[in-house]
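To find a chain, count down the sequence lines: A is the first, B the second, and so on, and within it residues start at 1. Side-chain atoms are counted along with the backbone in the values below, which use heavy atoms only and exclude waters and symmetry mates.
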Amino acid sequence: MKLNCEQTREEFSALLDDALDEDARADVEAHLSTCSECLRELGRYKKVSDLYLRLPSVSAPADFEQRLARRLRPSIVRFPVLRRLAPAAIAAGLAVGVVWYAFLAPEPAYKAARTQLASEKALGQQSAPKQTVTATPEAPVPGELSEKHTTLQDTETLTALGYGERPSQQPVAPSPPPGVKDSLSAGGTSNASATSPAPAPEPAKPLAVGAAGQAQYESKAQKDVAIMDSRPATTAPPVSAPIPESAKRATTDAAEQAQEKAKPAAQQPVPAVPAAAAPSAPAEAAPPKSPPTAMAKKEERVKTKGDLPDVMTYGYGHMLPDGKAEERAKRSEEVDLGDTTLDGVKMKSKSGRPDFEGPETKSEPVRSADDKDLKTTPTELRILDTRFLRDGEIWRQETYTNQEATPVKRDSEEFRRLLKKYPLLKAVAGRIPRAVVCKLGDHWYRIEPVRDGQP
Amino acid sequence: VVELEMAQLVSDVVLVEQCQNGDGTAFDQLVRRYKDRIYNIVYRYLGNHEDALEVAQEAFVRAYRGIGTFRGEAQVYTWLCAIAVNQARNRLRDRHRKGRDKTESLDALTDEAPGVAAEASATYETPRSSAQRREFELTLQQCLDALPELYRTAFVLRIFDGLSYEDIAASTECPGGTVKSRMNQARKLLGVCLKRRGILG
């Protein structure tokens, strides 16, 4: 078939790309042999593709597979069989935990404590905690329990269950709530007493929760323990002797003053009063690094919770098949692990009252809150699809290899500027209160706390 | 060569079957086999590494999630390609929507004084110095970025990945004749752009 110029040019690309059959090719070549203009035009077409063919092939980044694997993980999501088994596995884990708590955990002492509490109430005693700690052999080791609760305590839930107020009438140590409180004391910060005034005289309210509330609480506690079962428990400091009432009052007063000072600026650290040192000089025993106030911690926690959807979206949350609520719940708890340990347990209940009250004494030297955090804080976090690793007290983006990093304080103008510009920083700042090295744009920054332990 | 291609084809299909049976390592092999090709076409399509990485990753994630629906009528790579191209197009549209796309349209490209790259390539040679080469490559990429989406898809798949018109048609779900026409238009428009930029005489 004889082609004109226009028809011929329509076939140029096919000719160059070897996509013409014999006949069509012959027709095009026949025209080209007689039309120099079309031949020149064909040359231009060829030059275009030849130029682009010279561009180098671009390879995927070296960590492409690792990144992808992180998106496709966890393996539980990768493998359909495991995915199907996941709910059953979680249920089994919970069951084991419940059994452990019911039969192996030092429940008797806990219940004994409650009985004692009830009898005290019946006698019309006021909320001033009685400091008689009976460390029976079966009694739970407070430190151990505290570690567990420290890592998984959900203050809001506890408060909702009427647990937030419970400590005010919960003078005995061996039960889980004092255990949590123990960790507060062990943290070297009289957290509970420092972050809120002495327990208000509302003794009847928690009791009004009644059997249902108690059951709920126990169920929650069991669940916590079950979930935390796999976490390593730290050495438990032994429960020690009672604290004199006067010492308790002194501690509380000092704490009240401290709190009054702290109120105007939530970011100010509260002078911590270690309960362990209470009898002699409660106010002088403040550890070098005070944790943020409960309010600041709470804000941080709220922020962190707000980040969760992002993590789910950008991480592998979206990989979860529908109906995998357990998996999501589990993951959110995992996230909470980091939060709560970073937060410590020094958070107020919604009522503004500490969740755990009443000083405890310990014979073991007071540990700083940071020490405790370092032991319980995870060493790895994934934020907006970016992995962060903990190096002692410093977090760094996984890809950081000692490049020069510009230090930026969290209260600086530069920090606020970066915060607006980079969503990653916003998420990171919400999740990691410590120093963290991350890459924003083309530069590495070392985001530093305003002061030690103070995000 | 044909035997090799057949072996690869069979192997791909086997890998997909293994994936469908829950073998995650089979998918890893597919990723290893095709990540560079997919990344390359996505990079050329989008013009920057940041988007290319995200889109290529998303393409594999979607492939993984949808591997159960792969029935073997198409070649595995063509199927992967189709996913990647779709993701890349979506990204492009997102960029347009969010006003992030700073690429000029071909119509808007004005005649410019020949730059370093143009001088070096006026003789139709690839520039030698690294600066010249960078500018040369940048100019080529800019012209590519200015190409309408459908033409760009065909051109990228053909030139940077060597797909046949049939495979391009399969990946972009259009008739073979349309691919031919798109390739022709792509070359024509790119020729105009490169001429305006002084790269083609």
Side chain proximity check, [X] to [Y], heavy atoms < 4.5 angstrom:
{"X": "A:Leu51", "Y": "B:Leu190", "result": "no"}
{"X": "A:Glu10", "Y": "B:Lys180", "result": "no"}
{"X": "B:Val31", "Y": "A:Phe64", "result": "yes"}
{"X": "B:Met183", "Y": "A:Leu16", "result": "no"}
{"X": "B:Phe160", "Y": "A:Leu55", "result": "yes"}
{"X": "A:Arg67", "Y": "B:Leu53", "result": "yes"}
{"X": "B:Phe27", "Y": "A:Leu72", "result": "yes"}

With only heavy atoms counted, which part of [X] is less than 4.5 Å from chain A, the side chain, the backbone, both or neither?
{"X": "B:Leu144", "value": "both"}
{"X": "B:Ile159", "value": "both"}
{"X": "B:Arg32", "value": "both"}

Original post:
Can you tell me if A:Tyr52 uses its side chain to pair, donor with acceptor, with the backbone of B:Leu140 under 3.5 Å?
Top reply: yes
Taking all heavy atoms of [X] and all of [Y], pick out the closest pair and write down the distance.
{"X": "A:Pro61", "Y": "B:Tyr39", "value": "CD-CE1, 3.6 Å"}
{"X": "B:Asn40", "Y": "A:Pro56", "value": "OD1-O, 4.4 Å"}
{"X": "B:Arg187", "Y": "A:Val48", "value": "O-CG2, 3.8 Å"}
{"X": "A:Ala60", "Y": "B:Asp36", "value": "N-OD1, 2.9 Å"}

Is B:Glu58 salt-bridged to A:Arg71, cutoff N-O under 4.0 Å?
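A salt bridge links B:Glu58 with A:Arg71.
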Using 4.0 Å as the upper bound for N to carboxylate O, is an ion pair formed by B:Glu137 and A:Arg54?
no
Applying a strict 4.5 Å limit to non-hydrogen atoms, the region of A:Ala19 in contact with chain B is side chain
Query - chain B contact via A:Glu41 - side chain, backbone, both or neither, heavy atoms under 4.5 Å - result: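 Neither part.
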Greatest number of non-hydrogen atom pairs under 4.5 angstrom with chain B, of A:Ser57, A:Ser13, A:Ser49, falls to A:Ser13
